[in-house]
Amino acid sequence: MAGLPERKTLPRLDESLLTHLPPFSRLEKRQIRIILDQASSRRYDEGVAIFQEGHPAERFYMLLDGYVRVVRITPTGEQVTALHIPAGQLLGIAKAIGRDTYPATAMTASEALALSWPMHLWEKFVSDYDGFGTESYKTLGHRLGEVQNRVVEMATQQVEQRVANALLRLINQTGRKVDNGIEIDFPITRQDLSELTATTLHTVSRLLSGWEKQGLVESRRKRIVVRDPHALVVLSQK
DNA sequence: CCATTAAGCTTCG
DNA sequence: CGAAGCTTAATGG
């Protein structure tokens with residue numbers, strides 16, 4: 001049987017994919033064309049690793065669609081989720097922080113689509129393309145701040161506050177308006193939330209049940225809608 | 001206050 | 001069906 005060719009020639013990537021995204025927004029069409037011609041495009045199922053902590057950082061990525069969880073494994077073997085990254089952001093930019101291995105694992109939290117380039121192009125992009133470097137470092141700084149906040153939270157806040165904060169961040173970064181509130185835009189389990197907040201799925205389940213009775217949230221399996229964000233803010237500050 | 005254990009229920013594939 | 005996801009209660013650090 002004559003097998004299909006391993007790799008079909010993809011339709012040419014359209015420049016509009018990148019023109020609005022901050023790292024590329026200051027570039028001309030011609031430059032974006034060159035960048036796209038060097039990119040590989042790939043679709044990922046939900047729940048697969050795009051790259052793994054500790055592995056050689058061979059490529060960097062631009063997430064075009066979907067959501068990615070940045071996950072680290074603690075010395076004791078538990079997973080902790082550092083943050084979620086929405087479409088439109090760079091990913092796996094180890095070179096930017098002077099590393100040649102990935103500092104964390106990137107798991108898809110939904111179906112996802114990403115472009116990628118060989119890491120050796122990183123320096124070239126930074127030097128050749130106006131705004132690419134500064135924008136990248138901006139998002140990097142932003143993420144670092146987030147992770148640090150999380151660390152402080154773990155040390156100072158009680159579980160209820162941490163979970164409330166995690167939900168607020170999730171709806172801020174990845175929320176989608178629905179009729180009765182704001183829904184987290186990708187499938188998220190109580191287990192996932194517990195890994196974000198360093199607690200157990202049982203505690204998360206109890207908290208969500210309680211909040212549901214008070215009308216703050218609404219949840220079904222893998223879906224959470226926040227009906228009253230302000231009430232969560234209040235909770236997160238006691 | 002919260003983790004752990006254990007048991008049972010629901011939903012998905 | 002079985003597996004994954006979720007709930008609830010009891011116990012104990």
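All values below come from the heavy atoms of this structure, side chains included, with hydrogens, waters and symmetry mates left out. Please read these numbers as outputs of a predicted model, since none were measured by experiment.
- Annotation: side chain to side chain donor-acceptor pair (under 3.5 Å) contacts of A/D37 (sequence neighbours excluded): A/R33.
- Taking only side-chain atoms of A/Q158, from C-beta outward, the nucleotide of B/dC2, C/dC6, B/dA3 with the closest atom is B/dC2.
- Contact check for A/E135 versus A/S25: no side-chain heavy atoms found under the 4.5 Å cut-off.
- Listed by first and then second residue, the side chain to side chain donor-acceptor pair (under 3.5 Å) pairs that reach into residues 105-114 of chain A are A/R43-A/E111, sequence neighbours excluded.
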Interface polar pairs with nucleotides 11-13 of chain C, N/O, under 3.5 angstrom:
none

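- Here the side chains of A/Y44 and A/V68 are not in contact, with every heavy-atom distance at 4.5 Å or above.
- Residues A/Q79 and A/R72 have side chains not in contact (no heavy-atom distance under 4.5 Å, counting atoms from C-beta outward).
- With a 6.0 Å radius and a threshold of 12 heavy atoms from other residues, nucleotides or ligands, A/H55 has its NE2 atom above the threshold.
- When side chains are defined from C-beta on, A/P22 does not count as touching A/K138, because their heavy atoms never get closer than 4.5 Å.
- For the pairing with A/D192, the salt bridge (Lys or Arg N to Asp or Glu O under 4.0 Å) check across A/R69, A/R223, A/K222 returns one residue only, A/R69.
- Partners of A/S127 according to the side chain to side chain contact (heavy atoms under 4.5 Å, CB included) rule, which considers only residues two or more places apart in sequence or in another chain, do not exist here.
- If you take CD of A/E160 and C1' of B/dC2, they are 12 Å apart, rounded to a whole angstrom.
- At distances below 3.5 Å, at least one donor-acceptor pair connects side-chain atoms of A/T139 with backbone N or O atoms of A/S136.
- The distance from atom NZ of A/K222 to atom C1' of C/dA3 is 12 Å, rounded to the nearest whole Å.
- When the side-chain nitrogen and oxygen atoms of A/T203 are compared with OP1 and OP2 of B/dA3, one or more of them lie within a distance under 4.0 Å.
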Study note, to complete from the structure: Quick tally for nucleotides 7-13 of chain B: nucleotides whose base has a protein heavy atom under 4.0 Å get B, sugar-phosphate-only ones S, the rest -, giving ----BS-

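- Applying the side chain to side chain donor-acceptor pair (under 3.5 Å) criterion to A/T76, with sequence neighbours excluded, gives A/T74, A/E78.
- If you check every strand for non-hydrogen atoms under 4.0 Å, A/S209 touches sugar and phosphate atoms only.
- Within residues 149-156 of chain A, no residue has a heavy atom under 4.0 Å from DNA chain B.
- For DNA chain C, the residues of residues 188-199 of chain A within the heavy-atom distance limit of 4.0 Å (strictly under) are A/T189, A/R190, sorted by number.
- With sequence neighbours excluded, the residues forming a side chain to side chain donor-acceptor pair (under 3.5 Å) with A/T200 are A/T203, listed by chain and number.
- Nucleotide B/dC2 holds its P atom 11 Å from the CD atom of A/Q157, rounded to whole Å.
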Just list the side-chain donor-acceptor pairs under 3.5 Å for residues 83-100 of chain A, sequence neighbours left out, or say none.
unit_1	atom_1	unit_2	atom_2	d
A/R99	NE	A/T101	O	3.2
A/R99	NH2	A/T101	OG1	2.9

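- Remark on the helix from B/dC1-C/dG13 to B/dG13-C/dC1: inter-end axis angle 20°, axes from five-pair C1' superpositions, rounded to 10°.
- A heavy-atom distance below 4.5 Å is not found between the side chains of A/V217 and A/L207.
- With sequence neighbours excluded, the residues satisfying ring-ring contact (aromatic ring centres under 6.0 Å, His included) with A/F24 are A/F132.
- Remark: P of B/dC2 and CG of A/L201 are 16 Å apart, rounded to the nearest angstrom.
- Taking the six-membered ring where tryptophan is involved, the planes of A/W117 and A/F125 are perpendicular, since the angle between them exceeds 60° and thus also 30°.
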